[in-house]
Amino acid sequence: MRVDEEYLESVLDVVETVPRGSATTYGDVAEVVGRRLGRGGPRQVGAALRDSGGAVPWWRVVNAQGRPPAHQQTRALGLLRDEGCPLVADGSRVDLRSARVDWGPAVGLAAGEGP
DNA sequence: AAGGTGACTCAGG
DNA sequence: GCCTGAGCCACCT
């Protein structure tokens, strides 16, 4: 499945803002992008990142359990560990309680970001 | 038009 | 913690 250009761009935009050493979830990205475009969901975010081909720090985007995508799991966890992102004790997943970026209720609606 | 698919999520057992 | 099933959205046969 592919996503259209506009959606892809928005997703990349948001993911690029995730600072080194933290992470976010597909659901959160979907919420912010959805706020701007009024469409999409977590699955669309996944599709967008898949299509983006590494143009953004995709490894900072994990699922609701703090687990990176199955295909790139080892790779992602390694990168996250290297950049100092908080992981759980066994390093198998991100500790979202401390690593998760908290996007305020208005992120994505700031002037110049919306349609 | 109809059914399949997936880098998702949530509730249940 | 792991597995299931239902819900989900947009694209692809």
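Basis for what follows: all heavy atoms, side chains included, without hydrogens, waters or symmetry-related copies. Letters go in sequence order (proteins before strands), and every chain restarts at 1.
Taking atom P in both dG7(C) and dA7(B), one finds a spacing of 22 Å when rounded to whole Å.
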Worked check of side chain to side chain contact (heavy atoms under 4.5 Å, CB included) between Leu77(A) and Trp59(A): CA-CA 8 Å; Leu77(A) 288 170; Trp59(A) 57 90; over 6 Å; no

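Summarising the geometry, atom CZ belonging to Arg60(A) is positioned 4.0 Å from atom CD belonging to Glu83(A); distances are rounded to the nearest 0.5 Å.
Summarising the geometry of Pro86(A) relative to Ser98(A), their closest heavy-atom pair is CB-OG, 3.4 Å, with the distance given to 0.1 Å. Across all their heavy atoms, Pro42(A) and Gly27(A) have their closest contact at CG-CA, 4.2 Å.
Ser10(A) places no side-chain N or O within donor-acceptor distance of the main-chain N or O of Tyr7(A), the cut-off being under 3.5 Å. A donor-acceptor pair under 3.5 Å is formed between the side chain of Arg35(A) and the backbone N or O of Val107(A).
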Letter per nucleotide, 5' to 3', of nucleotides 8-13 of chain B [B base touched, S only sugar-phosphate touched, - untouched; heavy atoms, 4.0 Å]: BSS---

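What separates CD of Gln44(A) from C1' of dC12(C) is a distance of 13 Å, to the nearest Å. Put simply, CZ on Arg50(A) is 12 Å from P on dC11(C), counting in whole angstrom units. Atom C1' of nucleotide dC11(C) and atom CG of Asp4(A) are separated by 11 Å, given to the nearest angstrom. In this structure, His71(A) atom NE2 and dA7(B) atom P are separated by 4 Å, rounded to whole Å.
Arg39(A) has no side-chain polar atom (N or O) that falls below the 4.0 Å cut-off from OP1 or OP2 of dC11(C).
Contact annotation for Arg75(A): no contact, since no heavy-atom pair falls under 4.0 Å across all strands.
Residues Asp82(A) and Arg20(A) are not paired through a salt bridge, judged by the lack of any N-O separation under 4.0 Å between the basic side chain and the carboxylate. The residues Asp13(A) and Arg36(A) are annotated as salt-bridged, a charged nitrogen and a carboxylate oxygen being separated by less than 4.0 angstrom.
Consecutive Watson-Crick or G-U pairing (both distances under 3.5 Å) extending over three or more pairs maps onto DNA chain C as B:2-6 with C:9-13, B:8-13 with C:2-7.
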